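Reviewing the structure listed below.
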Amino acid sequence: MKEILTRYDHTKEPDIYARWEAEKQFVPSGKGEPYSIVIPPPNVTGDLHLGHALTYGIQDTIARHQRRLGKDVLVLPGMDHAAIAVQALVEKKIQKEQGLSRSQIGREKFLEEVWVWIKHYMPRMEGSLKRLGLSADWNRFRFTMDEHSKNAVRTAFVRLYEKELIYKSEFIINWDPKMQTTISDDEIEHLEETTPFYTFKFGPFEISTARPETKFGDKYVVMHPTDKRYAKYKDGETFECEWINGKITATVIKDEAVDPEFGTGVMTITPWHDKTDFEIATRHKLDKVQVIDQFGKLLPIAGEFAGRKIDEARKDIAQKLQDKGLLVKVDEKYRHRVAVSYRGGGKIEPQILPQWFMKATAVKEAAIKAVKSGEIKFTPKNLEKLYFHWLKNLHDWCISRQLWWGHEIPAWYDEDGRVYVADSLEEAQKQAGNKKLTQDPDVLDTWFSSGLWPFSTLGWPNEEAPDLLRYFPTNFLETAPEIIFFWVARMIMLSEALTGKIPFKQVYFHGFVLDEKGEKMSKSKGNVMDPMVMIEKYGSDALRMSLLGGNSPGTPQRYTEQKILKYRNFATKIWNASRFVAESTSSNSKVKTQKSKLDHTEEEFFKKLEKLEQKNEKNFAALKLSVALEELYEFFWHDFADQFLEYEKTAIREAESPDRVEQAKSCLLVALKRQLVILSDFAPFLVDTIEKEMLS
RNA sequence: GGGUGGUUAGCUCAGUUGGUAGAGCACUUGAUUUACACUCAAGGGGUCAGAGGUUCGAGCCCUCUACCACCCACCA
């Protein structure tokens, strides 16, 4: 036998993966009980981060375990076009490289640039996923913007429209003036800000606002119906009132949305630019007036301020009100939250615009039931509460985006503005006769196509697609709790609406991977740890085990290189214990254990090993991967390597009969092999190498 | 304002049918012609956030309090 190194050489891992692929190890056999995982497609926004390494590590560990149990395992890989995220990055890129904005470059050219981006990053990311050891069937790879996905999206849109679950309507939406698009409520984050808070006279009332620049069109003054201070003012009553640009006629409105405790308990409303105000105005059928345009500039209604940017005009407007003697007081240190686009970073300005919506009410009951009934299980279970809470308060989902990169909306308009929804222009033309049609310029929210992912990847809308029949609903979905609403809930809703089935049976949520200070890793903070660099340094298995071990589902973990060291050392330990067993048993290939001959120590050891195997299976069934790994670590290192192996080593050296030596060797070999089986879920590269180099 | 999770060794964290407190790192002492120094052996270090309750028995179940983290919400 050739000399074996004292270290596991992880640099050969890519070759091992290539061999696995060549041997078609990850192509489902089609035999046995099906077990399917459709991976959460990473955004094609760049390189993978540690969260990806964690999620795919969990999925692959589960997949390998199921495969080892004899199931017909499909792991379907794919990637997401990430409409707004990728568009923002490409816009930044062409701005930097060519000094051009997207409008300067034009839609067609811009999309070419996007594809250049995609084609650059997609292969890199595929390589990374393979480097993580993800045992996926790459023949079934899907991209959310490939032809198949496009077809699925069009079909879904048309069907939902026909079921009246999708509609177009004017509604108050979140407008991002920076990206020039609508975004959904979930794409907003709230940042605290200190800003002056003004109180003005408004007729007989005093009203407070942080945003005087929106107040030009205000002509309704609203208070709580039971507020005694204003009992003498009747709902619908009008009065003359001096305001920014002269006299106006204002109307009193009573509505429960007003908090009597806040400020003066009276407010004026700006329905075009505020959600609450919009709702009040809608309830009372009031006029809605636009004051700010899509670029964040004031419209002619602002009189002398027209054309000015809102932020700049604010102080001057307040000054004018003060000059007119309408200012009561200013609180300079008012803290409030501003809505900011999560992706683009622009300040959100609500606007009323015609947009496409998906109705929530009709499918949310089914989505609640799917989880309540236990058809879909969440791990950790407490996230079910979060899910129910969100669904209960769910409102319609704005699915159109004024972007260029994304799925085109399959809707066409004739010259009179009539809409035709169809899965192709030809079909739309059939409905429209000989009228000239133009397609809706908007694209769909990226989560619309992601929401179809578990079934669109398996062949839907072809309901006879073999993969769909065999592997849907899928068994396991692994993702981060932060996208429980964006993604998990929407997949469940869309699946119920389009297939009548649940999309998956088990959802497993991992926690955030944080830096050593407990802070989120981000490029701007410079605390990002690149999984590929860690793999270069320590090997893929060490990285995987370090992410899986020592934490529990849904809870965040602080992560340092030290943690990888622990498992890199574990890998070395396994390597050397195996090396010792292999080298000492190589002379006699026909080793076997005969239970009758086992001595007490051996018997106890094997009893304990059997217990470990049982516990391992139980832990996997309960999705306690961390516990399973830690138990394995303890057992292998301390029970096996430190004690049992030492015991047999002594026996081999000091034994008086050859039989005793044989027995010791066979015990070691059997014990090692059984442990390697369990280990192969967590450390596939290492175990494969040991088997190939030492035990074949 | 509402919700969820957390508080266990110096640090980072595990720990479910409730049964004498665990790991990694760090620390102390020792070992070595060694499978492995990415090692081994021995050891120090914990009123498991605080208070109360249930129980023969509580890190674990219940109640309250404190602090931390995250999420949600229309406070103009």
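No experiment lies behind these values; they were computed from the predicted model shown. Lettering follows sequence order; numbering is per chain, from 1.
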For this session: Start with the C-alpha distance between Thr572(A) and Arg7(A), add both sets of side-chain angles, then the distance that settles side chain to side chain contact (heavy atoms under 4.5 Å, CB included), and finish with yes or no.
Result: CA-CA 6 Å; Thr572(A) 309; Arg7(A) 298 273 182 279; 3.9 Å; yes

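Annotation: His336(A), atom NE2; neighbour count of heavy atoms from other residues, nucleotides and ligands within 6.0 Å is above 12.
Not a single donor-acceptor pair under 3.5 Å links the side chain of Lys665(A) to the backbone N or O of Thr585(A). Listed for the Glu536(A) side chain is no donor-acceptor partner under 3.5 Å among the backbone atoms of Thr11(A).
Distance, Lys563(A) NZ to A23(B) C1': 11 Å, rounded to whole Å. In this structure, Leu383(A) atom CG and G6(B) atom C1' are separated by 14 Å, rounded to whole Å. Counting to the nearest Å, the P atom of G2(B) and the CG atom of Asp259(A) are 13 Å from each other. Rounded to an integer number of Å, the gap from CG of Asp185(A) to C1' of C71(B) is 15 Å.
Searching all strands for a Watson-Crick or G-U wobble partner of C61(B) with both distances below 3.5 Å returns G53(B). With a 3.5 Å ceiling on both atom-pair distances, the Watson-Crick or G-U wobble partner of U39(B) is A31(B). In this entry C72(B) has G1(B) as its Watson-Crick or G-U wobble partner, both defining distances falling under 3.5 Å. Under the Watson-Crick or G-U wobble criterion, with both distances below 3.5 Å, G45(B) is left unpaired in every strand shown. The partner of U20(B) is absent, by the rule that a Watson-Crick or G-U pair needs both atom distances under 3.5 Å. The partner of U7(B) is A66(B), by the rule that a Watson-Crick or G-U pair needs both atom distances under 3.5 Å.
Salt bridge annotation for Glu613(A)-Arg674(A): present, with a cationic side-chain nitrogen under 4.0 angstrom from a carboxylate oxygen. At a threshold of 4.0 Å, the pair Asp227(A)-Arg229(A) counts as salt-bridged, since one of the basic side-chain nitrogens sits closer than that to a carboxylate oxygen.
Taking only side-chain nitrogens and oxygens, Ser626(A) never comes nearer than 4.0 Å to OP1 or OP2 of C13(B). Contact annotation: Arg653(A) reaches the phosphate of A35(B) (side-chain N/O to OP1 or OP2, under 4.0 Å). Within the 4.0 Å cut-off from OP1 or OP2 of C40(B), at least one side-chain nitrogen or oxygen of Lys573(A) is found. Between Thr560(A) and C25(B) there is no side-chain polar atom (N or O) within less than 4.0 angstrom of OP1 or OP2. Within the 4.0 Å cut-off from OP1 or OP2 of A76(B), at least one side-chain nitrogen or oxygen of Tyr334(A) is found. The phosphate of C13(B) has OP1 or OP2 within less than 4.0 Å of a side-chain N or O from Arg558(A).
Side-chain proximity of Phe580(A) to the nucleotides A35(B), A76(B), U16(B) is greatest for A35(B). Looking at the side chain of His336(A), the nearest of the listed nucleotides G24(B), A35(B), A76(B) is A76(B). The side chain of Asp642(A) sits closest to A41(B) out of A76(B), C38(B), A41(B). When the nucleotides C38(B), A35(B), G15(B) are ranked by their closest atom to the side chain of Val627(A), G15(B) comes out on top. In the set A23(B), G15(B), G5(B), G5(B) carries the atom at the smallest distance from any side-chain atom of Thr555(A). Nearest nucleotide to the side chain of Asn382(A), out of G24(B), G5(B), A76(B): G5(B). For Met267(A), the listed nucleotide lying nearest its side chain is A76(B); candidates were A76(B), U4(B), U12(B). Among the nucleotides A76(B), A23(B), C25(B), the one closest to the side chain of Lys215(A) is A76(B). When each of A35(B), A76(B), A23(B) is scored by its nearest atom to the side-chain atoms of Lys566(A), the top-ranked nucleotide is A23(B). Here the side chain of Arg568(A) is nearest to one of C38(B), G5(B), A76(B), namely C38(B).
Contacts of Ala571(A) with the nucleic acid, taken as non-hydrogen atoms under 4.0 Å apart, are absent. Contact annotation for Gly539(A): no contact, since no heavy-atom pair falls under 4.0 Å across all strands. Within the 4.0 angstrom heavy-atom criterion, no nucleotide atom of any strand lies near Gly263(A).
Taking the six-membered ring for Trp and thresholds of 30 and 60 degrees, His638(A) and Tyr633(A) have ring planes more than 60 degrees apart, a perpendicular arrangement.
Applying the 3.5 Å distance criterion, the base of A41(B) shares no donor-acceptor pair with the side chain of Glu646(A).
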